[in-house]
Structure formats: structure tokens, C-alpha cells
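One structure below.
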Amino acid sequence: MIRLEKRPQPSRAWSMATPVLAVIATMVFGGLLFAALGKNPFQSIETIFWEPLFGEFSFYYRPQLLVKGAPLVLIAIGLSLGFRAGIWNIGAEGQYIMGAIAGAGVGLAFYPLDAWYVFPLMVIAGALGGWAWAMLPALLKVKFGTNEILVSLMLVYVAEQLLASMSLGLLKNPEGFGFPGSRNLNDYAAGNSWIAQDIGLHWGVAAALIAVIFAYVLLNRHMAGFQIRLSGEAPRAARFAGVNPTRLILLCLGLAGALAGMAGLFEVSGPAGQVSIDFNVGYGFTAIIVAFLGRLHPVGILLAAALMALTYIGGEIAQGNLGLPAAAIQVFQGMLLFFLLALDLLTNYRLRRTVTEGN
Amino acid sequence: MSQPLLSLKGLTKAYPGVIANNDISFDIGAGEVHALLGENGAGKSTLVKMIYGLVKPDSGTMTLRGDAYAPAEPRAARADGIAMVFQHFSLFDALNVAENIALGMENPPPMRDLASRIREVSETYGLPLDPFRTVGDLSAGERQRVEIIRCLLQDPKLLIMDEPTSVLTPQEVEILFKTLEKLRAEGTSILYISHKLEEIRRLCDTATILRLGQVVGGCIPRETTARDMAEMMVGSALKTPERSGRALGEVALDISGLSVASPAEFGTALKNLHLTVRQGEILGIGGVAGNGQEELLGVLSGEIPTEAEAVKLAGQPVGRMGPTERRTLGLLTAPEERLGHAAAPDMSLTENALLTGAVREKLEHRGFLRWGAARAFAEKIIAEFDVRTPGPENAARSLSGGNLQKFVIGREVLQDPDVLVVNQPTWGVDAAAAAAIRQALLDLAANGAAVICISQDLDELMEIADRFAALNEGRLSEPRPTEGLSVDEIGLMMGGAHGMEVANV
């Protein structure tokens, strides 16, 4: 029999080791899955993890890593602050959409003015759009005690409807021959987020790195970060310490919304280019996985986002080159999360063999 | 000499890093009330868990009425006539007494038969209890009766009782003792675990004293003074806290007409409380936990807001202020629940020092944390309050209960409060540490602070408090000077036997 025994202290060594073990376990069981589907498991794993980074066409895939990773980091950092405090914002996707609409709206309003201040204004508008959308569940929770999980999630679908209406109505490209979707911001020098498109570098990548540093400092050096951690770990102790729950909810949801909104803006003014009906691709939901994969730690999130971006791109290559079904790739990604959370137990518990004696 | 009921020989049990029980041997005679004495961590619970079949000894043997006895699980122990009343009750509030008892039985009889058996046993032993009352409505003393009757229905030969009087008023203790004496007269042995020495002197025939997992001696409690027993427990001469004559100053804290509902579901509302504490004074508030103690602490810490005028600190209304503002003004508190309320279990001691110390110890500067200063403050608490831990980077939950309690009390005392409110300051703390904590409270008062000590331990309150009031069902009695207050009077202030029928044995 195996028994779990709580460690007196969380083990640092295990908290470092478990993500690596989880990746290895995912490779093993994912390989078995691919083998069961009749594919060469080694080739499949290599395609997913190796091909995008060092393969023949890596010059094309590497920039994709930055493009896919940046919004994940930005959103996940914001979410992680709330998750740490026990505030469950599930609606980052909606905040991301609203940031994109607000930011792109400002940019399109200035079109074709060529001024340095257009892009900064777009960034601010994007952040405000996401912030405002996150304030809805925050205020409802503070005033009426509603559940932020439900409200923020429902608001994603509202945001999607608004996105459709915007790309068909208000923001529709007047020179677009009636096709849905806004003007392409990539054609508007003052209003796009690229720094160096050939290597996938846009302002969102820079913002993501700044957000990592900001979150690290906040959590480790600032009273607000301490209060966030305290509220998540021991809510009663937090109240006793004098943490104001209302302020904390507004802060955490607000920051998450603003960061998600900025991610939306960087995406719409760069890689996506335009507001369109199918603009959002689920970054807001994937970021939840990224946040937990990175165990809500800023640096962990950075690594987790890189890993997720890798499996996405690698997964697409595997689908194209090896004919793996998309569902198998999704199962593979699910396994990664599963093993990470399961092995996470080992940081706080140790396994003990119990000798069962006959009665 | 007749054969002992239970005989322990060389029982040893080691856990990683600690030998909980080392070569323990003693006998419990038939019809004997045997006290098991020892500080927290002396190995009392490990020992009774071995007797009750919850833990297997590494080595050593037990003999029950001459036969080898090695219970594999509590069920086997019960089958051999050993029953145990735990310190923490395991009862379901929503079920009635009979249903609760049926849940713990292997083959419960039909409810009607069970109810009549419960009535029969409860009347025989002077423990009146209606089998059809809902447990949620019972007082702590009555809940304990449910547990005891549950045990008595098995007709035990040995009854193990773990700290049974900690939740009882003096009158309820009296009723319990009558029951136990009747059981003894019938030949039932009782293993009585407690650290209340006067009770042991009154009730027990023999005592075995444990220290650091070893038997350090035995005694006949009636022929030994409480002080001698305490010193055997601690292993050194015990320092009695010194009270020096203190001059009382201005009114430091004034509560008037305070009524507030409890935020907790099964909490107790406070009803029209009045009290004042002066500088240099210690006010003791007694009463069984769950009668509004937590709510009173919450009202003072700022966790439960009240009318502004209901709580006044040095004349200033603070009822609406949050915890941080009150700390700034000098009102500090230490709640009862150490893990999760007074301290965050998974956070380090440095972080826990920051938890209440940020403002007064200037551990933050414009919102940024001064980790160096926080660490230094944690180290100061550890040094001055003798907290046993490798260092301030250790998680709060890695400390033993007593050590964490010292840390929590030390954290508030060292912040130099004007008014300090503590709830159960020495609960689960060993005698030496408890004496140190009481001395710290006395010193604080001697330096002019006002102290409110909420405690279930009446001896403690008699030892340090200048005035005593009892909190019962959310109402506070008129405070009276502790000097010359008798145990009976205190018991009556605490609500007597909580409306329990007095036994006629």
C-alpha cells in the first residue's frame, strides 16, 4: 500500500522537478497514444518538440513561438494574480476581445493620421477596454456577491456577439467591398504593433516581459502582492491582517482585465491585423492552463507559455506532416496539464510505503 | 496484589525524527482511575492511540487481564472492552442523539430499543439526556455526555478520557466526576488524560507522568502537591508568574452597548456588552468556548465592524475601523485559531511576522516590503519568546502548536500595544511556555498596557487577571475583582451547568 504523508514544509526540490517530470510523463504516455493510433511515437514527439525549434523550417516556426507565446504570458500573468488570491476570473477571453475592439477602435478613428501618439493611445484604450469588461464581474461580486466565475465566463459570449457586430457594423472596413472585418492595421504604420515582423517581435512581446517583471516585483516586494498571496493561502488570516477584500477583488480583476485587453490590442494591431468575427482563438482560455502550468509564478508562466506555444505549433506540424488527428493533439495537451497537476501533489506530500500486516 | 487490568511493557513508538514513546511500562488496575500526565508532546496521545488500536507500537507488549493484547484497529480494542472519549467530539449536528450513537455502532439495534437503552444508561450514571434531541442544540457538556454514553453502551472495562473537562464549567465538571466515580465503584477502570492537576488530585487514584516520551515517575495524586506534579512534568522548578502591584491608569478601552450578529453560521451573537479596561489592568474573560469568544475578538480586531461608538479606544470611537487602522492606534489582538487565522500556515515566519507587524514595526515603505526588517522582527520574536524553530524561513505549519502560539503572542507583545486582546493564549501550550506567556502579559500590563485575556482556563485567569467576567451565550457578566472570588461564584457567572440537570447519583 502507498500512503500520502504531508510534508512539514513544501519541498522546493520537488516543485522544481515536477514540471520536468510532467513533461517526461506526457512524452511517454503521449507516445503510447500516438503508437496506438498507428504513428511512430518517437517521430511524433520529435515533430512536436524538436521541429519548431531546430527543424528544417524552424526559421518560419520560431517567430510563431513569440507570436503565440506573448498573449498567453500577458493574460496568464494577470489571471495568476487573481488565482493566487482565490479570485477566479475565467473570462479573460472576453476581456481580450474587448481590449482588441477598444484599442483597434481608437486606432481606426485616427486613421490615416500618422502621429507617434496613435499607438500609445491604442494601448491605453485596449487596457481600459479589458479593464472595464473585468470590472463588470468585479463590481457585481463586490456589490451583490455574485459568482465571478459565472459572470466573467458569460461575458465572454457577450463580448463575442459584440465582436461580430463590430466587424459587421461600426468597425467594418469602408473600403472592404462589403466583406466583414475592419481595416487591416498592418497597413497603418502609426497603428500597428510590429517591431520586427520577420522575427515575430511585436510590442506585445515586450509588454509580456515587462508584465513578468512587474508581477514578480509585485508579488515579492510589494504589500499588495503580499496581501494577494495571503488572501489565497489563508483568507481568515488575511482579514485579520487587515486586507480589504473589496479592494483586492477590484485590483485583481482590474489588472487581469487590463493585461488581457492589452494582449487583445497587440494581437489585433499585429498578428491578426484586423477586427474580424473569428478574431479570438481561445488565448484567454488557454492562458488559464498556462497560469496553472507555471504554478502561478511569473517566471513559471513565462516558461509554461513557451511550452504551450511549442506544443501548439508542434501539434500543427504533426497534424500536417504526420496526419495526426487534431483531437489527439488536444489529448496530448490535456495530458500535460493532468500530469502537472497530479505530480504537483509531491511538493506538499511524500509517498510512503505502508507495510500491511496480516490481522 | 490482584492482577492489573491492563499492563504495558516496554512500549516504544518512533516517528521520523522523534521517539514519541520510549520503553513505556505501567499497569492500570481494575476499578482504578489512572491519570496520564504530561506536557504537550510528551507522548500521551501516541500512547493512548496504541492502547486504542489506532497506532501500532514498534516494540513492547500489552497484556489485558493476563492475555496478550495487540489491537489491530479501534474495533478490536472496543471488542476487548476498551472505549475512548476523544477531546474533539465527532458528532453530526443535524442528527439526534440516538442517531449519532447508532452511527458509531457495528450493529445498531432498532431506534426504539436504542433510545430506551440510552435512557437506561443515562439514568444509571446520572447523565440525563433525551435520545431524540438534535445534537446541534446541545451544549458542549451535553455533547460530551453523548460521547460518554456511546462508550458506556459497550460496557467497557477501560474508559480512556482525553482532556474531558476542557470544555466544561466547574458545575459540569462536578457532574462528570460523579459519573466517573460511580463507574469506578462498579469496577470500570479509567485512564484519565489531563494537565489540570487539581482535578487529578481530586479524582485519580494513581498517576503516571510522561516527559519527552518516557515515564519519569508515578505518584499517588492525593498525596502529592500540584506543584510537585507540575515540576515532574516539566522536569525543572516551575516559575510562577509574578504579579507586581500595578497602578491603574486611564480607561484604555471602552465597550458599551455592543450587540452584533455573528458572521459565522453556528456562531453566537453578542448581546449588549459593556466593559472597560484601564491602563495597567488585566481583565479576564472566562467561559466555555463558543459562547461568543471568537466574535468578541473579531469585534476588537476589526474583522467584525460595529457601530463606531460601541468600541472606544482611549476615548476615540474605533468601531468602524479596520484591523490596520486599529493597529496603528495601538489596539492589537491575537485570535485563538493559530493556523489559518492568527498565522498563514504555508507562509514563512518572516511573512507571518509581517502579517500584523507591517504598520507598527515599519516593515513597509510606501507599499514596498522591507524583507530585511521583517526577518529581523521575526528573529526577535523567535529569540525573545523562545520559539523552537531552525529559523524564520520555516513555514508556520512546521512549528508545534505551542511554539506557534509563542510566536503569535510574541508578535503582538513585542509591538508594544496600548491594548492587547488575546483569545485562549495558552491553549495547547506546555506548562513552561504557558508560564512564559502569562508572564509576558503581566509584564505588558506592568508597563501600562491594558490587557483583555479571553480564556477557558480559569486557573490562568485567577493567576493573572485583576478582574473577571464570564461570557455566556453572547452575554457578558458584570466584571468582579478576582481576589476573593470562589470557584462556585465563577461557575455561576459562567451560566452554572448550562441548564443541564444535576445528577442524582
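Because the structure is a prediction, the values reported are computed rather than measured. Sequence lines set the chain letters: A, B, ... in the order given, protein chains first and strands last, and positions in each chain run from 1.
- For a residue to count as touching a neighbouring chain, one of its non-hydrogen atoms must lie under 4.5 Å from one of that chain's; by this rule A:N220 touches chain B with the backbone only.
- Taking CZ of B:F368 as the reference point, atom NE2 of A:H222 lies at 4.5 Å (rounded to 0.5 Å).
- Using a 4.5 Å cut-off between heavy atoms, A:V217 touches chain B through its side chain atoms alone.
- Taking every heavy atom of both residues into account, A:A234 and B:P345 meet most closely at CB-CD, 4.0 Å.
- With rounding to the nearest 0.5 angstrom, the CG atom of B:D346 is 11.5 Å from the CZ atom of A:R229.
- For chain A, the option among B:G367, B:P323, B:A395, B:S398 with the highest count of heavy-atom pairs below 4.5 Å is B:G367.
- The choice from B:T333, B:L339, B:T356 that makes the most heavy-atom pairs within less than 4.5 Å of chain A is B:T333.
- Look at A:R236 and B:E303 and you find no salt bridge, because none of the NZ, NE, NH1 or NH2 atoms lies under 4.0 Å from a carboxylate O.
- Heavy-atom distances place the side chain of B:A358, and not its backbone, under 4.5 Å from chain A.
- Few gaps surround CZ on A:F285; more than 12 heavy atoms of other groups in view lie less than 6.0 Å from it.
- Ranking B:P335, B:A344, B:A342 against chain A, the residue ahead of the rest is B:P335, based on heavy-atom pairs under 4.5 Å.
- Between chain B and the options A:G225, A:P235, A:A237, A:G242, heavy-atom pairs under 4.5 Å are most frequent for A:A237.
- Note on B:M347, B:R370, B:H365: by heavy-atom pairs under 4.5 Å with chain A, the leading option is B:M347.
- One distance of note links CE of A:M223 with CD of B:E364; it measures 5.0 Å at 0.5 Å rounding.
- Side-chain N or O atoms of B:R327 include one that pairs as donor or acceptor with a backbone N or O of A:A241 at under 3.5 Å.
- Heavy-atom neighbours of A:R350 CZ from other residues, nucleotides or ligands within 6.0 Å: above the threshold of 12.
- How far CG of B:L355 is from CZ of A:F226: 5.0 Å, rounded to the nearest 0.5 Å.
- Both the backbone and the side chain of B:E351 have a heavy atom closer than 4.5 Å to some heavy atom of chain A.
- Contacts between B:N394 and chain A at a heavy-atom distance below 4.5 Å involve backbone atoms as well as side-chain atoms.
- Among A:R221, A:Q227, A:R239, A:E233, the residue with the largest count of heavy-atom pairs under 4.5 Å with chain B is A:R221.
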